[in-house]
Amino acid sequence: MQVTTEALTQFLGHSLSNSRTDFQSSQISSLQIFCQLQIELLLSRASIDWARIVYYDPFSLIHQTITQCSQEQEFTRNFLSYINSEEWLVDFYHSFTLHEIDFSHYTSSKCYICPIGYRNQKPEYILIFTREPLSLSLQQDVKQTATILSKHLDICSECYQQKTEIKLLEQILQRAGHQLRHPLAMIGLYAENLYLKLPEGSTQEQAAIIRESIKDLDANLTELIYCGQKEKIKVTLQDLKSLISESIQGLQPLLEQKNLKVQYSETSAVLAIDRLQMKQVFDNLLSNAVYFSPVSGVINCHWQIFQNEVLIWISDRGKGLSPEDIKKIFTPFYSRRPGGTGLGLTIAKKIVLDHYGSLWAQNSSEGGAQFFISLPRSTSF
């Protein structure tokens with residue numbers, strides 16, 4: 001089974017957007033650099049002398065402006081102040097359409113505006129001045145630049161929202177963990193006392209089971225609280241095939257119950273990952289695939305190795321994802337499963353992000369849901 005072109009495109013886009021060490025500061029910088037690059041590309045076109053991009057920065061929560069002009073074009077201070085004031089911007093044009101603005105009282109140059117969008121109740125746009133009317137091909141170039149900018153800004157906004165949601169989840173998990181630790185410790189203490197005082201037999205064995213279960217719960221709670229935090233990640237070289245095989249083996253009773261088959265790649269891939277945390281990711285994704293698969297269905301788990309990264313995709317043959325699912329599926333407390341906490345996929349995404357990878361979902365062309373994970377083949381944590 002080969003990965004689709006659409007999935008590869010998303011993979012490359014996600015890979016580029018997750019190669020930062022300091023998320024917020026680097027995202028602000030990369031956004032500015034990206035807009036600056038678009039300005040320079042516009043000015044490289046013949047006849048365009050002056051260009052400005054106004055956009056909403058989701059990280060600083062304010063509108064930013066980037067302006068650049070060629071050496072041939074200079075405006076008076078009064079005219080620049082008038083442009084900055086945006087008093088001339090009285091019409092709300094449709095996004096990605098090009099319109100001429102009359103500045104003939106100030107300059108002989110032609111002026112064009114192409115709106116990018118309207119965020120936070122203010123317009124985002126490209127403004128350019130030219131020596132002559134724009135040709136049809138140049139008009140198309142400006143519109144295409146606006147479209148590219150809009151998509152890039154959408155990605156940045158989504159990244160900021162996900163980071164905020166993950167931060168909230170961390171706080172909730174830590175608070176819940178502290179509240180649960182005390183009663184768990186008390187139950188464990190009473191179970192230990194019972195085990196020591198009871199005579200050998202089935203009752204003592206039950207006390208021992210309670211004691212060991214409490215230890216497991218406490219260990220799992222610790223993993224849950226600290227999952228994905230970089231200072232807690234213990235990176236070792238792990239074979240991807242072995243790790244996924246282990247997850248599949250743990251789900252064997254559920255697979256047999258629904259008569260499901262799991263088809264997965266035979267290729268080995270060694271990754272630098274935290275074994276326990278990444279197993280939690282695969283456990284979650286495969287468990288969801290089992291739950292939503294029809295009886296006697298097939299679950300596919302494959303991966304493709306690239307020079308620096310590995311792309312993994314897990315798909316089922318269930319009903320697939322609704323538009324709302326695709327939009328909210330990694331949001332804390334949003335769940336498609338009755339009685340679900342809505343935390344599993346959010347935690348999985350946080351673990352993948354903190355491994356400098358990406359996790360996203362879409363519908364499979366063969367029907368059902370499809371989850372993609374991209375992970376670097378080697379990472380310095």
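We number each residue from 1, following the sequence as shown. These figures come from a predicted structure and were not determined experimentally.
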task: Name all residues meeting the ring-ring contact (aromatic ring centres under 6.0 Å, His included) criterion together with Phe34; count only those two or more places apart in sequence or in a different chain, and write none if there are none.
output: His152

task: Starting from the C-alpha separation in whole Å, work towards a yes-or-no answer on side-chain hydrogen bond (donor to acceptor under 3.5 Å, both in side chains) for Tyr56 and Ser157.
output: CA-CA 9 Å; Tyr56 180 74; Ser157 296; over 6 Å; no

message: Between Ile312 and His302, is there a side-chain heavy-atom distance shorter than 4.5 Å?
response: no

Atom pairs and distances, side-chain donor-acceptor, residues 76-86, under 3.5 Å, sequence neighbours left out:
residue	atom	partner	partner atom	Å
Thr76	OG1	Phe79	N	3.2
Ser81	OG	Arg77	O	3.0
Asn84	OD1	Arg52	NH1	2.7
Asn84	OD1	Arg52	NH2	2.7
Asn84	ND2	Leu80	O	3.2
Ser85	OG	Tyr82	O	2.6
Ser85	OG	Glu87	N	3.3
Glu86	OE2	Tyr125	OH	2.6

field: Distance-only polar pair, side chains of Asn288 and Arg337, donor-acceptor under 3.5 Å
entry: yes

message: Taking the basic N atoms (NZ, or NE/NH1/NH2) and the acidic carboxylate oxygens, is any pair closer than 4.0 Å for Glu324 and Lys327?
response: no

- request: Could you state whether Val290 and Phe292 fall into the same hydrophobic cluster, counting links through intermediate Ile, Leu, Val, Met, Phe, Trp or Tyr residues with side-chain heavy atoms under 4.5 angstrom apart?
  value: no

field: Aromatic ring pairing Trp360/Phe372, orientation class (parallel under 30°, perpendicular over 60°, tilted between)
entry: parallel

- prompt: Same cluster or not: are Leu43 and Ile148 linked, directly or through other Ile, Leu, Val, Met, Phe, Trp or Tyr residues, by side-chain heavy atoms under 4.5 angstrom apart?
  reply: yes

field: Path from Ile248 to Leu254 over hydrophobic side-chain contacts below 4.5 Å
entry: yes

Could you go through residues 201-209 and list every donor-acceptor pair under 3.5 Å that involves a side-chain atom there, pairing it with any protein atom two or more places apart or in another chain?
residue	atom	partner	partner atom	Å
Gln204	NE2	Tyr195	O	3.0
Gln204	NE2	Leu198	O	3.2

- request: Could you check His63, Gln64, Arg119 and say which one makes a side-chain hydrogen bond (donor to acceptor under 3.5 Å, both in side chains) with Glu124?
  value: Arg119

Residues Leu98, Lys143; criterion side chain to side chain contact (heavy atoms under 4.5 Å, CB included); working and verdict: CA-CA 7 Å; Leu98 196 66; Lys143 294 176 185 178; 3.9 Å; yes

query: Regarding Arg377 and the six-membered ring of Phe306, is the cationic atom NZ or CZ under 6.0 Å from the ring centre and inside 45° of its axis?
result: no

task: Report yes or no: is the cationic atom of Lys349 (NZ for Lys, CZ for Arg) closer than 6.0 Å to the six-membered ring centre of Phe330, at no more than 45° off its axis?
output: yes

